[in-house]
**Student:** 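For reference, the structure I am asking about is given below.
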Amino acid sequence: MSKLFVTRRERFDGADIAHIIYATCGKLDWNRILDRAGEHWEILLWALLFFRYVYPRNSDYVPASCGAILWAAYRKQFLIPTQS
């Protein structure tokens, strides 16, 4: 989980995350990953988008339900205007 937060100029662990997803064919505990990401769900979404960019033919390694949860959070946070 800590690799999600390593995105500095001199060190980038996003590639490691993509390779882990690829190497495991996505056979990960996605519910646990979503739970652990918690309030940092945007970083997880970013990592999964990066995976899709690097391995477009293997985007099915990430369950659609996982993407749906993250995109729903995105829509709620950024696309639906808050009522004042």
Side-chain angles (χ1 to χ4, degrees):
M1 185 57 69
S2 63
K3 286 192 173 288
L4 281 174
F5 298 96
V6 182
T7 58
R8 296 183 308 267
R9 177 180 43 191
E10 65 278 355
R11 181 165 172 198
F12 172 67
D13 285 354
D16 290 346
I17 295 168
H19 296 314
I20 289 168
I21 296 169
Y22 179 77
T24 62
C25 298
K27 291 178 175 67
L28 300 166
D29 186 347
W30 290 101
N31 289 326
R32 183 172 185 262
I33 292 169
L34 286 165
D35 187 53
R36 295 277 316 255
E39 67 185 45
H40 306 289
W41 61 267
E42 293 101 334
I43 296 174
L44 178 57
L45 177 60
W46 171 82
L48 298 181
L49 287 171
F50 181 75
F51 172 77
R52 183 180 167 93
Y53 178 78
V54 174
Y55 294 109
R57 292 185 180 170
N58 303 100
S59 60
D60 62 325
Y61 287 2
V62 177
S65 59
C66 182
I69 290 167
L70 294 169
W71 282 114
Y74 177 85
R75 282 192 301 278
K76 182 179 178 186
Q77 184 76 27
F78 296 106
L79 299 179
I80 300 173
T82 57
Q83 306 235 347
S84 301

**Student:** Can you confirm whether W46 sits close enough to H40 that some side-chain heavy atom of one is under 4.5 Å from a side-chain heavy atom of the other?
**Tutor:** no

**Student:** If you round to the nearest 0.5 Å, how far is CG of D29 from CG of D35?
**Tutor:**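 Those atoms lie 9.5 Å apart.
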
**Student:** Take I69 and W41 through the test side chain to side chain contact (heavy atoms under 4.5 Å, CB included) and record every step on the way to the result.
**Tutor:** CA-CA 10 Å; I69 290 167; W41 61 267; over 6 Å; no

**Student:** What's the shortest heavy-atom distance between S59 and F51, and which atoms?
**Tutor:** CA-CE2, 4.2 Å

**Student:** Run the numbers on Y55 and Y61 for side chain to side chain contact (heavy atoms under 4.5 Å, CB included), then give the verdict.
**Tutor:** CA-CA 10 Å; Y55 294 109; Y61 287 2; over 6 Å; no

**Student:** About how many Å separate CG of L45 and CD of Q77, when rounded to the nearest 0.5 Å?
**Tutor:** 12.0 Å

**Student:** Applying side chain to side chain contact (heavy atoms under 4.5 Å, CB included), run through W71 and K76 and close with a yes or a no.
**Tutor:** CA-CA 8 Å; W71 282 114; K76 182 179 178 186; over 6 Å; no

**Student:** Is there a side-chain contact between N58 and I21 in this structure, where contact means two heavy atoms from C-beta onward sitting under 4.5 Å apart?
**Tutor:**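 Sidechains of I21 and N58: no contact.
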
**Student:** For L70 and L34, what are the C-alpha separation, side-chain angles and deciding distance, and is it a side chain to side chain contact (heavy atoms under 4.5 Å, CB included)?
**Tutor:** CA-CA 9 Å; L70 294 169; L34 286 165; 3.8 Å; yes

**Student:** What distance do S65 atom OG and N31 atom CG have between them, rounded to the nearest 0.5 Å?
**Tutor:** 7.0 Å

**Student:** Taking atom CG of D16 and atom NE2 of H19, what is their separation to the nearest 0.5 Å?
**Tutor:** 6.5 Å

